[in-house]
Amino acid sequence: MKPDSQPSRVVPVLVPMPAERPYSYSVPAGMQVGPGSIVRVPLGPRQVAGIVWDGDGGSVDPKKLRPIEEVFDCPRVTYDMRRFVDWIAEYTLSPPGMVARMLLRAPAAFDPEPWVEAIERTDAAPDRMTAARGRVLETADTGLAWTRSGLAHAAGVSSTVIDGLKAQGVFRDVMLPPRPVVAPPDPSYAAPQLMPDQERAAVTLTEKVSAGTFSVTLIDGVTGSGKTEVYFEAIAAALKNGRQVLILLPEIALTHAFLERFQDRFGAKPAEWHSDLPPRMREKVWRQVAEGQVRVVAGARSALFLPFRELGLVVVDEEHDPAYKQEDRVYYNARDMAVVRGHIGGFPVVLASATPSLESRVNALSGRYDRVALPARFAEAALPDLKAIDMRRAPPARGGFLSPVLLDETRRTLERGEQSLFFLNRRGYAPLTLCRVCGHRFQCPDCSSWLVEHRFRGQLVCHHCGHNEPRPEACPECGTLDHLVACGPGVERIAEEAVGHFPEARIIVLSSDMLGGVRRLRLELEAISKGEADIVIGTQLVAKGHNFPNMTLVGIVDADLGLANGDPRAAERTFQLLSQVTGRAGRTGKKSLGLLQTYQPEHPVMKAIVSGDAEAFYERETEERQRAGMPPFGRLAGIIVSAATRQEAESHARALRRAAPAAPDIQVLGPAEAPLALIGGRHRFRLLIHGERRSDIQKFARTLLAAAERPRGSVRVQVDIDPQSFL
DNA sequence: ATGGTCGGCAAG
DNA sequence: TTGCCGACCATT
């Protein structure tokens, strides 16, 4: 008899809470569990789903042991996936249970999907024919089995007609297996005509897929060079080899347009995975991925934690996108974790971007990654003509922000019946409000950054923490009425200015805080594509995914925005963002124009954008970073403790210093302080400890965490990801 | 007295 | 992370 079947076996179970190690549970006699089994266990007063982990049950007070309640009828979490969880926990200094939690996010999926009640035709004929019955029978013959209401609907009759026929034995009940969420993709559905460069790139990738070993390849090609078609070929190869495929996209790029494009190539859509997938669908997708029915998933970063059983390729599109960084609970960069997943699973990973991150480019140049470049000569005609507007020479009218040069071009574009885009990466009306009498500036009480006026909502809003208050009439400091002034532009204010210049034009403002949420946004985007707007004024979110076929002018309202915030990645980020936004124009081959309003036309970023010479920019930026020891070369890794308020952050800093007097500098960083952006985009107060090497930081972090009691509550401890040496 | 909110704590 | 408990405060 194997030890497995002894009556009171004890196994480790990873439960979804911040415990450092798996908990031990006893296995009731006769219960079949092994590493990877998903089980229901009692945890304190509640029942949770956990994963049976590797190793033995450890030593716990036998009196504490409680039995596993149930083993779900569900494929086991694979060995690779378990190693992946352990690896991420170790690397990010997160409790493994919290990593496991990311994988257990679809509770209802642990039970098999129920079969569907349906009816099918028998040989019997109805006693008498009616028009309605005729339609039902005719419709029914076009398929094998139907749901009662589905058939009624398709035949255009009430479901009582069906009931009548069923009573006569014309239909009988059957149970159908659950419907697949998507049809299987066909790798040879519509093999594309590739240009020679694309062909070469595609061959390189498909060879890597066929080799079936770990590799990382960066596909680097300007907007419109056909990267997507190329990696689709890699996907086709993986599918032919019987492997599943994951395409990671920044959430916002997961558009209808992308899914359609996939469908055009493979004859079916990929399964989608993102945060606002309806719960029902979430569960179906999770289950069908686990069972191998779903072959391709296009998903946001959390899709990395889907229980693939035969994953053979991960594609990370727009690999440079900062949205790949998860910044709560477990901090990770999905791009890097995708590489780790490939390493563990022994399969290729493809990183794609028109504007690669510096670290991926460095990894490619150093030979750690492979690189495939698409020079995209054939698409050059479609690239917009790009010019910088020197705002010192062509300043806007007093009180305005749009240069006459941009306004002129807009007028011309309107006259041609084409669309213009004004891009400004700032929500709201004005980023700062002050009192003209006493100079009072409106600040967030919680995080001391300026409050942004949202005129449409009549509020002052903190963009860091979400604090908001109604916009007062009088200054809270000196009490003077009607002397508050808005300083600087946001998209709402640009819209106001545009309306003043072009009262006849149809103007749409797009920003993430738009009333009506994602649905409304989707509708607006569609309306724009259909030509129902003349001028679009938008933030970040116009940069991604969507194609506006008639958009021939892109005006960057403030190209310098984001350059001066002290972030070591500022130039890189600005370059990436501006490339993407200007790439929105000219997708149709029509002559198009991109204008950058800037006060520093000599800045390397502006020069790179205008000349199209990305390589020179990257080279320069790389050298500069290396010289300064900035990421991805130097002092990047650190422990971060983030807190909601400054006081809180300060008190944690004191506690940590007390606990570990040998600690290197612990800085408290607020929203305004520069190096924050090293870690990510969403600013809260953080404590940062710099180090030269990740491993040192990690070792130090452990000592610190052991010495101090682990900060609780609103506080998180994490190590940022050193983008170079994580394997 | 009653009810609501909040901080601390334990969970196998 | 979640749920529970006891402490504390404010109101019925």
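For clarity, every value in this text was computed on a predicted model and none was experimentally measured. Below, chain A is the first sequence line, B the second, and so on; all start at residue 1.
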Measure the distance from CG on Leu43(A) to C1' on dA10(B) and round it to the nearest whole Å.
9 Å
Within the 6.0 Å centroid threshold, strictly below: Tyr79(A) and Phe84(A):
no
Spacing between Arg46(A) atom CZ and dT2(C) atom P, to the nearest angstrom:
7 Å
Check the distance between dG12(B)'s P and Asp56(A)'s CG and give it to me in whole angstrom.
19 Å
NA contact type, Pro42(A), heavy-atom cut-off 4.0 Å: base, sugar-phosphate, or nothing?
sugar-phosphate
dG12(B) C1' sits how many Å from Ile51(A) CD1, rounded?
16 Å
Check: His440(A) ring centre within less than 6.0 Å of Phe442(A) ring centre:
yes
Without decimals, in angstroms, what is the distance between Met17(A) CE and dG3(C) P?
13 Å
Round to a whole Å and report the spacing from OH of Tyr23(A) to C1' of dT1(C).
11 Å
Below 30° counts as parallel, above 60° as perpendicular, anything between as tilted: where do the rings of Tyr91(A) and Trp87(A) land?
parallel
Heavy atoms, side chains only, cut-off 4.5 Å: are Thr433(A) and Leu451(A) in contact?
no
Just checking Pro45(A): base, sugar-phosphate only, or nothing, at a heavy-atom cut-off of under 4.0 Å?
sugar-phosphate
Quick one: Arg9(A) CZ to dG12(B) C1', roughly how many Å, whole number?
16 Å
Atom pair distance, as rounded to whole Å: CZ in Arg66(A) and P in dA11(B)
10 Å
